[in-house]
Amino acid sequence: MEMLKNNNPMIAKIGRSSNLYSALAYNHHKVEKGQGQILLMNKMVESSDGMYTIPQLMRSFDPYLASNLKTEKHTLHISLNPDPNDKVSDEVFVKIAEDYMNGIGYEEQPYMVFKHTDIDRTHIHIVSVCVDENGRKISDQFEKRRSMNICRQLENTYNLWPAAKRKNFKNNLVFKPVDYQRGNIKHQIASVIRNIADVYSFKTLGEYNALLSIFNIAVEKIEGELHGKPQRGLVYFALDKNKHKIGNPYKASRIGRGALLPALESHFLKSKESILQSNKTEIKGWIDNALKVSLHEKDFVEKLKSVGVNTVIRRNEGGRIYGITFIDHNTQTVWNGSNLGKGYSAAVFSDLWKNQEHLNKPCDAIQAEAKSLSINQFLPLQLNPLFGFLNDDNDDLRDTESMDSFPGLLPTVQGEDYEEQFFSQQMRKRKKKRKR
């Protein structure tokens, strides 16, 4: 399985459903809370004061839905997400939305464009219907491919981040996890180590180790004396599918200058200086959204993986989590949980998954509860983490799943909008209560 470097392209997420009301309510709710605004209404009935209710908005779509012949999932809900480093004006957002909708064949359709500002990554949502005025379904053939091509064109047209910067990066860079059975282990390890610091930012040896573990590599620091002088260095190991050391270690000097401890320590300092606060805000948002809708530890890990974030969990022999690291492939940054804040530490997650009472709570909200729980109450989980983590004591990490079981580690398209899913679930629950 190949690991491709992600250059943070603009991402389009296309969703279809049979619930237009829910899609409009989700975005309208953002506007009412002051976390969003309406940027554009295309071929829709507008009000004189600019204020709208959901039934008012629905009326513009009613003729299309009334003539719908047989399309079950008639609602189109798109989110367009530029790189967080792009500062896009409302005027440019409108042009991007119009160009995108024209490109996928929706220029004659009624649609609304909402800007969301509830997280640091400002983005837009577009709501429309998939049937034309005669009730015929608008073609979605090769839609994902067309959408991706349109996004690349928009990056060039509006000078968004990847188009302006991609020449400075090695776009053909490919990382592959080490496969011990293929042999030539030193070459496999070196092909990852020599380039990984050019792509990812990591601030400590622990974060570096977490990142390497997803490529079936581990690193250990060795210290001692030679002729009365203190010596420090690194050795690298290959890991098997269960994340246990396999074969002989390789000295850093045999791999390359970038694998040496001085080079890495220099990279640690640069990463601390260069990582933006927005990177931290974004990863915390992903974690909180995944927590809202995950049922247990493995579900949480899968939710984050679907949006390009790997979770590396460390456990002691008793099964208690003592370390958690998040690898965000969208921003190429690695975060130890405690560095994101006390509410994201290993102890919080260990206590959280012990009782599973977290569906609607962000990390900071459950921190106080987690502190009050006794360590002696810990019950070992039956579900293993997605990836193990090599630690200095060579503990048994109870990892039973190989990386090949989880294709698409670095998705080109972000996964589901979990906040939107959660909102829809709450609406359905309220509707059922009213029926009763």
Side-chain angles (χ1 to χ4, degrees), residues 12-81 90 93-118 122-140 143 147 293 416-436:
K13 182 233 171 182
I14 303 175
R16 280 185 162 79
S17 73
S18 57
N19 195 338
L20 175 62
Y21 187 95
S22 177
L24 290 172
Y26 170 72
N27 289 281
H28 191 260
H29 184 61
K30 296 281 187 185
V31 175
E32 288 184 323
K33 290 173 62 180
Q35 297 175 343
Q37 66 184 90
I38 298 173
L39 292 185
L40 175 67
M41 298 180 70
N42 185 71
K43 296 186 179 298
M44 295 187 65
V45 179
E46 299 189 27
S47 69
S48 57
D49 59 1
M51 304 298 291
Y52 298 92
T53 64
I54 299 172
Q56 281 178 301
L57 299 175
M58 289 282 290
R59 281 199 286 271
S60 295
F61 299 100
D62 283 344
Y64 295 79
L65 297 182
S67 60
N68 180 23
L69 299 176
K70 56 181 179 181
T71 303
E72 182 180 349
K73 293 187 176 182
H74 47 65
T75 299
L76 184 75
H77 194 177
I78 298 168
S79 67
L80 295 178
N81 304 268
D90 290 351
F93 263 133
V94 168
K95 291 179 180 178
I96 287 173
E98 289 178 325
D99 289 354
Y100 182 88
M101 294 300 277
N102 292 349
I104 63 172
Y106 277 73
E107 63 272 17
E108 298 300 325
Q109 291 294 102
Y111 63 82
M112 293 189 67
V113 180
F114 299 87
K115 182 175 77 168
H116 288 196
T117 56
D118 52 327
T122 302
H123 57 289
I124 58 175
H125 281 235
I126 308 172
V127 179
S128 186
V129 287
C130 308
V131 292
D132 63 20
E133 58 187 1
N134 297 312
R136 291 189 295 266
K137 180 183 178 182
I138 296 174
S139 174
D140 59 358
E143 186 175 69
S147 174
V293 294
E416 301 167 61
D417 188 329
Y418 297 115
E419 186 180 356
E420 181 188 338
Q421 269 196 341
F422 180 72
F423 181 84
S424 298
Q425 290 169 0
Q426 295 299 102
M427 285 190 64
R428 286 195 293 271
K429 288 179 181 178
R430 287 197 292 268
K431 187 175 181 180
K432 287 180 180 178
K433 286 181 180 179
R434 285 197 298 269
K435 286 183 176 180
R436 293 195 192 105

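When reading the values below, keep in mind they use all heavy atoms of this one structure, side chains included, and skip hydrogens, waters and symmetry mates.
For the pair Tyr100 and Ala12, the tightest heavy-atom approach, listed with the atom from each and the gap, is OH-CB, 3.8 Å. Among all heavy-atom pairs drawn from Met51 and Ser47, the shortest one is O-OG, 2.9 Å.
His74 places none of its side-chain heavy atoms less than 4.5 Å from the side chain of Tyr64. With a 4.5 Å cut-off on side-chain heavy atoms, Val129 and Leu65 count as touching. Taking 4.5 Å as the limit, some side-chain heavy atom of Leu20 sits within range of a side-chain heavy atom of Val127. Side-chain contact between Thr75 and Asn19: absent, with no pair of heavy atoms (C-beta onward) separated by less than 4.5 Å. Counting only heavy atoms from C-beta outward, the side chains of Tyr52 and Val31 never approach each other to under 4.5 Å. Within the 4.5 Å cutoff, side-chain heavy atoms of Ser147 are placed close to those of Ile14. You'll find the side chain of Arg16 reaches within 4.5 Å of the side chain of Glu143, heavy atoms only. Considering only heavy atoms from C-beta on, His116 comes within 4.5 Å of His125 through its side chain.
Atoms CG and OG, on Leu76 and Ser128 in that order, are 6.0 Å from each other to the nearest 0.5 Å. Summarising the geometry, atom OH belonging to Tyr111 is positioned 11.0 Å from atom CZ belonging to Phe61; distances are rounded to the nearest 0.5 Å. Atom-to-atom distance recorded for Gln109:CD and Asn42:CG is 9.0 Å, nearest 0.5 angstrom. The NE2 atom of His28 sits 6.5 Å away from the OG1 atom of Thr53 when rounded to the nearest 0.5 Å. With values rounded to the nearest 0.5 angstrom, Lys30 atom NZ is found 5.5 Å from Gln35 atom CD. For the atom pair OG (Ser18) and NZ (Lys73), the distance works out to 7.5 Å, reported to the nearest 0.5 Å.
Considering Glu32, His77, Lys115, Gln37 in turn, His77 is the only one that fulfils the side chain to side chain donor-acceptor pair (under 3.5 Å) rule with Asn27.
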Pair Ile78-Ile104, side chain to side chain contact (heavy atoms under 4.5 Å, CB included): steps then yes or no: CA-CA 11 Å; Ile78 298 168; Ile104 63 172; 3.9 Å; yes
Audit row: Leu24, Met112, side chain to side chain contact (heavy atoms under 4.5 Å, CB included) steps and yes/no: CA-CA 9 Å; Leu24 290 172; Met112 293 189 67; 4.2 Å; yes
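Look at Lys43 and Glu133 and you find no salt bridge, because none of the NZ, NE, NH1 or NH2 atoms lies under 4.0 Å from a carboxylate O.
The local environment of CD in Glu72 is sparse, with at most 12 non-hydrogen atoms from other residues, nucleotides or ligands closer than 6.0 Å.
Checking side-chain atoms of Asp132 against main-chain N and O of Asn134 turns up a donor-acceptor pair under 3.5 Å.
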